[in-house]
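First comes the structure, then the notes that go with it.
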Number of protein chains: 2
Amino acid sequence: MSNHMRPDFVAAVRAAWAEQLPDLDTDPVAVVGRISRAARLLERATKARLAEHGLEPWEYDVLAALRRSGPKATLSAGTLTASMLVTPGTMTNRIDRMVNRRLVSTGIAPDDRRSTLVTLTRSGRTLVEAAAAGLMAVEQEAIAGLSTQRRQRLANLLHELLLTLGDDAPPEKATTGATPPTRRRPPR
Amino acid sequence: MSNHMRPDFVAAVRAAWAEQLPDLDTDPVAVVGRISRAARLLERATKARLAEHGLEPWEYDVLAALRRSGPKATLSAGTLTASMLVTPGTMTNRIDRMVNRRLVSTGIAPDDRRSTLVTLTRSGRTLVEAAAAGLMAVEQEAIAGLSTQRRQRLANLLHELLLTLGDDAPPEKATTGATPPTRRRPPR
DNA sequence: ATCAACAGTTTTGACGTCAAACAACCGTGA
DNA sequence: TCACGGTTGTTTGACGTCAAAACTGTTGAT
């Protein structure tokens, strides 16, 4: 059932394993290896475009999270930390640098003085809106080689995979019931 | 055409954008955002298992490339650099550390004294074979939530995407014809 | 009211990666 | 043979991330 498809890097890796260690089942690499490879290649493409706006990918991530969070464009440091799979120390460092660049401002939460609130500044907001438009454009180009239907099927399959990996949507503000005991800190 | 699927993180991101900036077309995020998210989650799962063998993911990558390269388990530093999308300086650093751990040994290529040849040691070989088996097992578990057919379709779609991203298989040893002018160094 | 356990952030030191400059070596052509 | 451009690796300094410990504020039980 060969697909008559030109080999990609991962296909070559699997062929090499099959020759050297035929007993090793490399099936999972067909998915996992390709996801990691694609992530790396896609980040390169997007990084270049963001650089045109003077932004690093990690800066865009934070700004975008704030911009889409609602009219106030404010989130706590902890919420930001949880949403982008980094450690708290990393987020502290990011926020410090972005405050220095005047992209965000910070203050303490009135209802819980342990919590730091991060807010988009006017210039941060302007910047992220331009960057978001540009970023969507490059990403569109990057995946333009696939038909709309294939993109849709790929998105759906990745969605299913992510759900099995435990990647649920974060709880909406003011969820019904008590605080969900979700652990979002990176383990280890 | 809603799919009655529980939202994942990226679905929530897209819904938030739709509310805050309805004119922004976030279609590409459905694919690109999910790939990056999945890569991050999968790396976590695999990292833990590799740690049981005393290996970091980057160490496994190098050892595995050597092990599957053929009976001699030898590759030049440049070949390794090209195959895993890192810069030459990174590879120098990796090799140094792995020589210190006695996982690999190095020597200069007899036919081109600029080139450094990296070879798997006996203990490196033993270690990577055990780690590879363990790694395949975790990856299998990680994607076990998808049926075989879905995994197959996902792999095929990712394969197609990677080809459009320029991720071709590296040339076989002693390719027919002249040296292909492929650029594999990270740009910028 | 107090205290202990917990939650949210920050600090610290180590680590891996990158970009850019550099060094050694190869091959070609004059 | 020698000079020069291209190739292969290494060095250097800066940067972003992490793990773990420390710090501050909160909550609940007594």
Side-chain angles (χ1 to χ4, degrees), chain A residues 36 39-40 43-44 47-48 50-51 54-62 74-101 104 106-118 178-188, chain B residues 39-40 43-44 47-48 50-51 54-62 75-101 104 106-118 178-188:
Chain A
S36 123
R40 211 163 159 88
E43 184 174 357
R44 274 205 198 153
K47 188 174 179 175
L50 287 175
L55 284 178
E56 294 297 319
W58 61 265
E59 290 176 307
Y60 173 80
D61 285 344
V62 176
T74 295
L75 289 173
S76 74
T79 305
L80 285 167
T81 299
S83 76
M84 47 197 72
L85 307 176
V86 295
T87 58
T90 295
M91 192 51 66
T92 295
N93 185 27
R94 288 183 176 187
I95 293 168
D96 283 352
R97 293 166 176 276
M98 294 175 73
V99 167
N100 286 340
R101 285 193 59 184
V104 301
T106 58
I108 56 181
D111 55 321
D112 184 343
R113 297 194 328 231
R114 291 168 301 182
S115 186
T116 304
L117 293 183
V118 185
T179 308
T182 46
R183 292 211 148 281
R184 279 228 158 266
R185 295 275 188 81
R188 317 193 76 253
Chain B
R40 213 164 158 86
E43 184 174 356
R44 275 207 198 150
K47 188 173 177 175
L50 287 176
L55 284 177
E56 294 298 317
W58 61 263
E59 289 176 307
Y60 173 80
D61 284 345
V62 176
L75 289 173
S76 73
T79 305
L80 286 167
T81 299
S83 76
M84 47 197 72
L85 306 176
V86 296
T87 58
T90 295
M91 192 51 65
T92 296
N93 186 27
R94 288 184 177 187
I95 293 168
D96 284 352
R97 294 166 174 276
M98 295 175 73
V99 167
N100 286 340
R101 286 194 60 185
V104 302
T106 58
I108 55 181
D111 55 322
D112 183 345
R113 297 194 327 230
R114 292 168 300 180
S115 187
T116 304
L117 293 184
V118 185
T179 308
T182 45
R183 293 209 148 282
R184 280 228 160 263
R185 295 277 187 80
R188 319 192 66 248

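Chain letters run A, B, ... following the sequence lines, proteins first and then strands; every chain starts at 1. Note that the structure is predicted; figures quoted are calculated from it, not measured.
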| query | Under 4.0 Å between a side-chain N or O of B:Ser115 and OP1 or OP2 of D:dG9? | reply | yes

| Can you check the B:Leu55 CG to C:dG16 C1' distance for me, whole Å? | 16 Å

| task | Would you kindly give the CD-to-P distance between B:Glu56 and D:dA19, to the nearest whole Å? | result | 10 Å

| query | To the nearest angstrom, how far is B:Asp111 atom CG from C:dC26 atom P? | reply | 9 Å

| message | Tell me whether the side-chain N/O atoms of A:Thr90 come closer than 4.0 Å to OP1 or OP2 in D:dG16. | response | no

| If you take all heavy atoms of B:Leu117 and B:Pro110, which pair is closest and at what distance? | CD1-CD, 4.2 Å

| task | Assign B:Asp112 to base, sugar-phosphate, or nothing according to its heavy-atom contacts below 4.0 angstrom with the strands shown. | result | sugar-phosphate

| Want to settle it: does A:Pro110 or A:Arg97 sit nearer the 5' end of DNA chain D, counting the closest nucleotide to each? | A:Arg97

| query | So do B:Arg40 and A:Val86 actually touch side chain to side chain, heavy atoms under 4.5 Å? | reply | yes

| message | By nearest atom, which of the nucleotides C:dC18, C:dG16, C:dT9 is closest to the B:Trp58 side chain? | response | C:dG16

| note | Atom CE of B:Met91 and atom C1' of C:dA19 are separated, to the nearest Å, by 16 Å

| note | Taken to the nearest 0.5 Å, the spacing of B:Thr90 OG1 from B:Leu80 CG works out to 12.5 Å

| note | With the side chain defined as heavy atoms from C-beta on, A:Arg40 is closest, among D:dC18, C:dC15, C:dT17, to C:dT17

| Presence of A:Arg113 side-chain N/O under 4.0 Å of D:dT24 phosphate oxygens OP1/OP2 | no

| Using a cut-off of less than 4.0 Å, is there contact between a side-chain N or O of B:Arg94 and OP1 or OP2 of C:dG16? | no

| For the side chain of A:Val86, counting heavy atoms from C-beta on, which of D:dC18, C:dC18, D:dG9 is nearest? | D:dC18

| said: Is there a side-chain contact between A:Tyr60 and A:Lys47 in this structure, where contact means two heavy atoms from C-beta onward sitting under 4.5 Å apart? | reply: no

| field | Gap between atoms CG and C1', on B:Leu75 and D:dT8 respectively (whole Å) | value | 15 Å

| said: Does B:Thr116 reach a base, just sugar-phosphate, or nothing at all? Heavy atoms under 4.0 Å. | reply: sugar-phosphate

| request: Please work out if B:Gly89 contacts a base, only the sugar-phosphate, or nothing of the nucleic acid, heavy-atom cut-off 4.0 Å. | output: base

| query | Minimum heavy-atom separation for B:Ala77 to B:Ile95, with atom names? | reply | CB-CD1, 4.0 Å

| field | Heavy-atom donor-acceptor pair, A:Arg114 side-chain to C:dA7 base, under 3.5 Å | value | yes

| Between B:Ser83 and B:Asp61, is any pair of side-chain heavy atoms under 4.5 Å apart? | no

| task | Rounded off to whole Å, could you give me the CG-to-P distance for the B:Asp96 and D:dT10 pair? | result | 7 Å

| said: Output the rounded distance in Å from CG (B:Asn93) to P (C:dA19). | reply: 15 Å

| A:Met98 CE to D:dT17 P: how many Å, rounded? | 11 Å

| Quick one: is D:dG9 close enough that its OP1 or OP2 comes under 4.0 Å of any side-chain N or O from B:Ser76? | yes

